K.L.:
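Sending over a structure as structure tokens; questions will come in a sec.
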Amino acid sequence: MAKSIATKNKLDNAMLIDAMPTKELFIEMLTRDIALIPAITDLVDNSADRAKRVKGDGSLINYWARVSVSPDEFSISDNCGGMTIETARKYAFRFGRPLGAPFVKHSVGQFGVGMKRAIFKIGRKFRVESTTTESRFVVEVDVDVWARAPKWEFEFTELDENAKHESTETGTKVTVTRLHPDVADKFAQDSFVTELRNELQSRLQDPISRGLATTLNTLPVDAEPMMILSHPKLAPAHKTLKYAKTNLKLVSVKLYCGIGRSSNRSEERTNAGWHVFCNGRLILEGDKTDVTGWNSDADSLSIPGFHPQYNNLRGFAYFDSDDPARLPWNTTKTGLNTDSPIYRAVKLEMMKLMRPVVDFLNKLKDEKQNKDDPDEMGPLEKLVDGATPIALEKAPTRPVFTPPVTKAESKPCEVQMQRIQYDMPYDKVIEVKKALRARSYKEVGAGTFDYFYHAEVK
Amino acid sequence: MTGSSFEKFNYALRPAKNMERKMFCEALARLSRIAGLATYRYIGFGAIGFHDFCLFHQRLGIREMVRIEGNLKARNRIARNKPYSCIQMKWGMSHEVLPILKWSKRAIVWLDYEQPLDEKKLSDIALVASSLRSGSALIVTLPADPGPVDANLDMRTKRLADLRSQIGKKHMPSDVEGSQLAKWGLATVLRRIVANLIETTLSDRSAALDAANKFHFDQLFHFHYADGKQMMSFGGLILNGRDGTKLAPKHFEDLTFYRPNSDAYLIETPLLTWREIKRLDEKLPRSAPDVARPSWIPEDERKKYGRVYRYFPSFSEVEN
Ligand SMILES: Nc1ncnc2c1ncn2[C@@H]1O[C@H](COP(=O)(O)OP(=O)(O)OP(=O)(O)O)[C@@H](O)[C@H]1O
Ligand SMILES: [Mg+2]
């Protein structure tokens, strides 16, 4: 009897083919598609998610997340509650979210890779320490050693399953050492640290503005609210959409599109376009590509390609759901899944909201180009210039952006005008200018046109 | 929407157009299966005479009407020709005005273009299709004249290239050949382009919706006619699953001009005198479809008349 089972096993084994991924390939794949900054952002997302588990949509005041980068060491620590031994054992260190893993309502974490990917992206040695009110553990791993071992497991270095800790002591700290040389280089550069700060500021503006005190190398990272110009005539369009499906959690979408103004030119460029958020996390910042409908070949509504004349366009799309799997983001949270049914439907609405804004900015450009005195502002330009930027959530909105009708446009008997532009040899132009007694080149053009019209046409 | 056609000739004397309007009206009256027509809005372009507005107000009882008018030159004159107080004027080109309209009511929208299809118009159509509430109707009329033949050119290549440059590559069905663009071929291709566009738009719009809420388009009209230049009209209903059960294709099958696919209904105008019309009317509808008498009227004209007599403009009806 025993013998026959043994032969059977042997036979079965003979029929099997090994398809186990090598750990190095896995690490390589995981880290290749994410840049360093989004990887670090993922770690702060985890702290915020943990705090949200307690506070839901409420204030996150008294919670903090501290990031520190140096050429020798990376670390992030938080006081957001820590992870239980059970979470660590079953879910936190798994690559990919296993079925049945508990989820935080309205969380940013969805795929179950962020923490591991960030660690591997940064270096080859790490330590995760976490304390809850009832437990504490430490996992310390030398990735070089781990990668050689066949088993897909980590081991607790320290484990305390029945300890009492004050809630003020709870939290998680992730430390990475033996940094990849290129990462160490970056961490030494001021410009990198500045970029990281800016990114944390914009990507995490939702948890930070709700109170999560975030620091980078001990300096606070402040929330930067989304701004829009407020003026009764320039009120941004606002639309709320809800996508319900039986047995699935609701996805609600808030869209805004209007006019903005930034304090300097380079910011203007970043701020222009669409900002897309999923569960509060900024996924696309100032997008000007076909992903948000610009110059898209695949879409039925036509919006021109982005051009500096649209620098004042501000679009905001907030996707929210208790079930993060319903949101149209990719695993690195740096882009959108444009095939997602919800995103397809929402994109159409985004394009509809942005059409009148695009039309308005085209008119603004025409106005600027056609004015006689370069120093004088036209009515539309004055309007934009005179409006004040305020935080988006405070701005009064309208269902559609309704471009203001200016005086010049509403002249009682309007003739449709066509602008003509051409180049002629300078000497000849001067001669004609003299002959016409014209004071400007504009008058030269108009004068010669009138002359021909009266002589030959009418 | 240029509104300039009235300068050429009186719109009401375009008999095929006149008949087309009445056909639309007869079919759209059936929207009452979904909701009373008094709750609908009509959005159209129209010419100086406001004929479609008059008809839809008189026959369908629609009280909320929006006219989009881009001919600002004739602003004063057009405004003074407004026949009813319930017509609201929105000045500007359709691609500027449509995006800022409210779409909360069911509507009948007739994009009655006089200029050839181009990207702006396609965008109008997509915008309307993506905005209309279920239970609404959308009609698109486009010039579909293949134009004069130039003996020095290969017309097949020229027509294909012209169409592609007008509407843009992305809207051009890949299998269309230049040889298909002669006679009524252009009209048929235009119908297909517009139908495809509406379908993709509705599919995007419905992507995240449950089956009962998904939108579809039920085509009712595909007309070809030529009062002067050749024209094509395409139209139908935008319905979700629920409304689709209340008003289905079967509710239109009795209409002789009902066309749910690429087959077109050619609106032909018989050439008859007033006296001849009276004679034919006396025997109709019993004499239809052969209309065998009187033999002194040419058979062709008799038959044409038999098909359209209920819609044919009578002189007493000339609108002003
Ligand atoms: N700072 C933290 N505090 C508490 N729990 C944490 C923290 N960081 C990670 N975790 C736990 O580890 C799990 C795995 O994190 P990881 O970032 O790898 O995946 P995720 O957040 O679930 O999904 P995603 O890949 O979308 O970020 C989390 O779901 C959470 O339970
Ligand atoms: Mg995460």
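Excluded from the calculations below are hydrogen atoms, water molecules and symmetry mates; all remaining heavy atoms, backbone and side chain alike, are included. Lettering follows sequence order; numbering is per chain, from 1. It should be emphasised that the depicted structure is a prediction, and the values quoted were computed from it without experimental measurement.
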K.L.:
Side chain from CB out, backbone as N, CA, C, O: work out which of these in A:Ile342 comes under 4.5 Å of a heavy atom of chain B, or both, or neither.
P.N.:
both
K.L.:
Is atom NZ of A:Lys371 surrounded by more than 12 heavy atoms (other residues, nucleotides or ligands) closer than 6.0 Å?
P.N.:
yes
K.L.:
To the nearest 0.5 Å, what is the distance between CZ (A:Arg355) and OG (B:Ser123)?
P.N.:
4.0 Å
K.L.:
Report, as yes or no, whether the 6.0 Å neighbourhood of atom CZ on B:Arg63 holds more than 12 heavy atoms from other residues, nucleotides or ligands.
P.N.:
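Not buried by this count: 12 neighbours or fewer within 6.0 Å.
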K.L.:
Between chain B and each of A:Ala244, A:Ala237, A:Pro341, count heavy-atom pairs under 4.5 Å; write down the option with the most.
P.N.:
A:Pro341
K.L.:
Look up atom CG in A:Leu301 and atom CD1 in B:Ile125, then write down how far apart they are to the nearest 0.5 Å.
P.N.:
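Here the rounded value is 11.0 Å.
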K.L.:
Pick whichever of A:Arg398, A:Lys245, A:Met351 has the most heavy-atom pairs under 4.5 Å with chain B.
P.N.:
A:Lys245
K.L.:
For A:Lys254, look at atom NZ and say whether over 12 heavy atoms of other residues, nucleotides or ligands are found less than 6.0 Å away.
P.N.:
no
K.L.:
Taking atom NZ as the centre, does B:Lys102 end up with more than 12 heavy-atom neighbours from other residues, nucleotides or ligands that are less than 6.0 angstrom away?
P.N.:
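Open: at most 12 neighbouring heavy atoms sit under 6.0 Å from NZ of B:Lys102.
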K.L.:
Which residues from residues 206-216 of chain B are near chain A, with near meaning under 4.5 Å between non-hydrogen atoms?
P.N.:
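Against chain A, the residues of residues 206-216 of chain B that fall inside the cut-off (heavy atoms, under 4.5 Å) are B:Ala207, B:Ala208, B:Leu209, B:Asp210.
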K.L.:
Answer yes or no: does atom OH of B:Tyr84 have more than 12 heavy-atom neighbours from other residues, nucleotides or ligands under 6.0 Å?
P.N.:
yes
K.L.:
Could you look at A:Phe401 and say if it's the side chain, the backbone, both or neither that has a heavy atom under 4.5 Å from chain B?
P.N.:
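Just the backbone, heavy atoms under 4.5 Å.
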K.L.:
Who among B:Ala129, B:Ser203, B:Gly168 has the most heavy-atom pairs with chain A under 4.5 Å?
P.N.:
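Sorted descending by pairs with chain A, the first entry is B:Ser203.
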K.L.:
If you draw a 6.0 Å radius around CG in B:Asp175, do more than 12 non-hydrogen atoms from other residues or ligands fall strictly inside?
P.N.:
yes
K.L.:
Please give me the minimum heavy-atom distance between A:Val400 and B:Ile100, naming the atom from each residue.
P.N.:
CG2-O, 3.8 Å
K.L.:
Hey, is NZ on B:Lys82 packed in by over 12 heavy atoms from elsewhere, all under 6.0 Å?
P.N.:
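Yes.
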K.L.:
Side chain, backbone, both or neither: which part of A:Ser340 has an atom under 4.5 Å from a heavy atom of chain B?
P.N.:
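Contact with chain B involves no heavy atom of A:Ser340 at all.
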K.L.:
Is it the case that over 12 heavy atoms from other parts of the model lie below 6.0 angstrom from the CD atom of B:Gln166?
P.N.:
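Yes.
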K.L.:
Could you state the interatomic distance from NZ (A:Lys352) to CZ (B:Arg205), rounded to the nearest 0.5 Å?
P.N.:
6.0 Å
